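These numbers come from a predicted model, not from an experiment.
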Amino acid sequence: MQRIILHIDMDYFFAQIEERENPQFKGKPVVVGADPKGGKGRGVVSTANYEARKYGIKSGMPISKAYQLCPNAIFLPVNIDLYQKVSNEIMEIMEKYSPISEIVSLDEAYLDLTEYSHILENMRMFGEKIGIEKSHKRAEKLARQLKKEIFEKEKLTCTVGIGPNKTVAKLAAEKAKPDGLKMVKPDEVEKFLDPLDVDDLPGIGPKTAEKLREIGINKILELKKLSKEKLKEMFGKVGERIWERARGIDEEPVSSEEIIKSIGRQITFERDTRDAKLIFGTFEKLIKEVYEELMQNNFSFKTITVICRFKNFETHTKSETLKKPTKDFEIFKKEAKKLLLKFLIENTKLVRLIGVRVSNLS
Ligand code: DCP
Ligand code: CA
Ligand code: CA
């Protein structure tokens with residue numbers, strides 16, 4: 001069945017809320033994130049408004065780098081309670097527009113608008129073709145209303161993408177930022193995807209993109225020249241996914257069921273360190289926090305992953321998958337510590353950040 005999927009993503013979310021709360025910031029570069037401490041701060045940028053992005057400041061960048069790029073920017077701490085409250089209000093508005101919705105993150109969600117097309121609009125007498133055309137018009141109208149309602153109630157702008165599936169809808173939104181609305185109809189998908197960069201595709205991270213670039217593949221049009229078998233050979237199971245996504249194929253349903261895929265915690269040390277007592281003491285605290293959340297949700301886990309970031313941001317992960325799912329705290333602690341120890345033996349650099357995550361939850 002031909003679906004109509006809408007993706008909504010708020011524009012420079014944390015920073016836009018700060019601008020709304022402090023109108024005097026409008027038009028000036030605003031950076032939300034860790035304390036820059038005059039350029040010596042150690043955390044990262046959560047997000048920046050578009051003025052700050054002109055200086056090259058981006059989400060995830062070390063806050064010290066952001067400070068270097070634009071010392072006169074307005075640097076603000078992350079007020080997550082406020083952003084969460086605003087997010088809840090937005091999601092409440094959004095959910096009125098379709099009975100089928102999926103919240104992806106604080107500022108992002110999908111709506112399935114197909115119902116409207118096929119039940120309300122496609123009343124047989126018009127025939128399939130007119131039905132789907134009308135329903136696209138209807139979807140666009142709904143999208144415009146949604147943007148308007150959010151702006152009127154929250155004084156915040158967002159971008160909406162509409163497509164035949166989640167992948168295309170999300171990419172359409174990405175390409176229409178900020179304050180945009182873009183619809184890609186089924187017969188426009190190929191034309192829309194072909195000129196995009198391979199790393200625009202969800203599922204293609206920096207490492208995968210690098211591998212593709214090495215063999216001269218930069219655009220989705222070029223990616224389509226690789227067979228499914230070749231992609232499987234290069235990337236394993238996700239290769240098949242990539243093959244489909246490059247062709248605009250994505251059957252994943254919009255699903256409101258909240259699926260927690262993993263639980264994790266990480267922490268950046270105040271100072272890069274090799275102090276084993278500090279590292280393992282901190283690590284045990286993280287393990288306990290993760291375990292508590294696991295128990296609150298009554299989950300078993302099968303995979304443990306440890307993250308270690310060394311000086312200069314060199315970041316590694318190591319995972320261990322158990323033979324069967326468990327809830328055993330001692331096993332968790334023992335396996336996690338073993339992984340961390342491996343890092344410290346293999347690498348003598350100072351440690352900047354450690355983290356632990358459990359996945360394969362049941
Ligand atoms: N965020 C974060 N750390 C990151 C990325 C994002 O804390 N590395 C937070 C801050 C963002 C929010 O999540 O405001 C939403 O992330 P987006 O990737 O959607 O980015 P923005 O909404 O900030 O900007 P855009 O206008 O590009 O969507
Ligand atoms: Ca956003
Ligand atoms: Ca987002």
Side-chain angles (χ1 to χ4, degrees), residues 7-91 93-94 103-110 146-147 150-151 153-161 169-182 197 199-200 202 205-206 264-268 307 309 313 315 352-353 355:
H7 183 255
I8 173 171
D9 187 290
M10 301 303 296
D11 301 325
Y12 61 108
F13 189 49
F14 294 3
Q16 197 188 172
I17 295 173
E18 295 294 348
E19 276 181 5
R20 178 187 81 177
E21 303 295 303
N22 307 279
Q24 72 274 20
F25 295 166
K26 264 255 152 82
K28 294 181 182 155
V30 174
V31 179
V32 179
D35 185 348
K37 298 187 179 162
K40 295 199 180 72
R42 297 184 45 87
V44 294
V45 172
S46 280
T47 196
N49 68 356
Y50 283 80
E51 282 79 8
R53 289 181 197 188
K54 284 182 199 150
Y55 293 86
I57 297 173
K58 284 188 210 152
S59 291
M61 167 184 280
I63 199 78
S64 54
K65 177 88 187 289
Y67 189 84
Q68 251 175 29
L69 290 169
C70 184
N72 294 325
I74 297 159
F75 287 90
L76 302 168
V78 179
N79 183 355
I80 197 74
D81 293 342
L82 171 63
Y83 314 149
Q84 181 69 63
K85 179 177 160 282
V86 175
S87 172
N88 293 346
E89 289 166 9
I90 290 164
M91 295 308 166
I93 296 172
M94 176 281 295
I103 297 171
V104 183
S105 67
L106 275 184
D107 84 326
E108 214 171 299
Y110 290 100
L146 172 61
K147 275 171 67 72
I150 291 174
F151 188 74
K153 295 205 168 128
E154 297 292 337
K155 300 281 173 286
L156 293 171
T157 66
C158 62
T159 299
V160 170
K170 184 174 165 68
L171 284 171
E174 232 157 70
K175 295 298 159 192
K177 272 188 165 296
D179 198 15
L181 167 56
K182 183 173 176 65
D197 292 330
D199 50 7
D200 280 332
R265 291 277 187 285
Q266 60 181 46
I267 195 163
T268 306
I307 307 142
R309 177 173 294 157
F313 274 78
T315 308
R352 178 181 178 91
L353 168 152

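Identified under the side chain to side chain donor-acceptor pair (under 3.5 Å) test for residues 8-18, with sequence neighbours left out: D9-K177, D11-T157, D11-T159, D11-K177, Y12-E19, Q16-T157, E18-Y83.
Annotation: side chain of K170 is not in contact with side chain of V104 (no heavy-atom distance under 4.5 Å). Looking at heavy atoms from C-beta onward, V78 lies in side-chain contact with F14 at the 4.5 angstrom threshold. Residues E21 and L82 meet the side-chain proximity criterion, which asks for heavy atoms closer than 4.5 Å.
The distance from the SG atom of C158 to the CD1 atom of I93 is 9.5 Å, given to the nearest 0.5 Å. For the atom pair D107 CG and I8 CD1, the distance stands at 9.0 Å (nearest 0.5 Å). Interatomic distance, CD of Q266 versus OG1 of T315, reported as 9.0 Å (0.5 Å rounding). The CD atom of E174 lies 5.5 Å from the CG atom of L171; values are rounded to the nearest 0.5 Å. Between the CD1 atom of I307 and the CG atom of L353 there is a distance of 7.0 Å, given to the nearest 0.5 Å. Rounded to the nearest 0.5 angstrom, R352 CZ and R42 CZ are separated by 4.5 Å.
Across every non-hydrogen atom of S59 and S46, the tightest pair is OG-O, 2.7 Å. Counting all heavy atoms, side chain and backbone alike, A176 lies closest to K182 at CB-CB, 3.8 Å. The minimum heavy-atom distance linking A109 with M94 is given by the pair CB-CE, 3.6 Å. Contact record, D35 with I63: O-CG2, 3.8 Å, taken as the closest heavy-atom pair. Considering every non-hydrogen atom in both P29 and C70, the closest pair reads CG-SG, 4.0 Å. Closest approach of A66 and I57 over heavy atoms only: O-CD1, 3.6 Å.
Although no hydrogens or angles enter the test, the distance criterion places no donor-acceptor pair under 3.5 Å between the side chain of S64 and the main chain of P62. Here the side chain of R20 pairs a donor or acceptor atom with the backbone of E154 at under 3.5 angstrom. Between the side chain of N49 and the backbone N or O of V30 there is at least one donor-acceptor pair closer than 3.5 Å. No donor-acceptor pair closer than 3.5 Å links the side chain of D197 to the backbone N or O of D200.
Counting heavy-atom neighbours within 6.0 Å of K175 NZ, excluding the residue itself, gives a total above 12. Residue-environment remark: NZ (K147) exceeds the threshold of 12 foreign heavy atoms within 6.0 Å. Few gaps surround CZ on F25; more than 12 heavy atoms of other groups in view lie less than 6.0 Å from it.
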- Message: Quick one, T268 with R309, criterion side-chain contact (heavy atoms from CB on, under 4.5 Å). Give me CA distance, side-chain angles, the key distance, then yes/no.
- Response: CA-CA 9 Å; T268 306; R309 177 173 294 157; 5.6 Å; no
- Message: side-chain contact (heavy atoms from CB on, under 4.5 Å), that's the test. Do I74 and V31 meet it? Break it down for me.
- Response: CA-CA 6 Å; I74 297 159; V31 179; over 6 Å; no
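Each of H7, M10, M91 was checked for a side-chain contact (heavy atoms from CB on, under 4.5 Å) with E108, and the lone residue meeting it is H7. Screening T47, I90, V32 for a side-chain contact (heavy atoms from CB on, under 4.5 Å) with F13, the sole residue that qualifies is I90.
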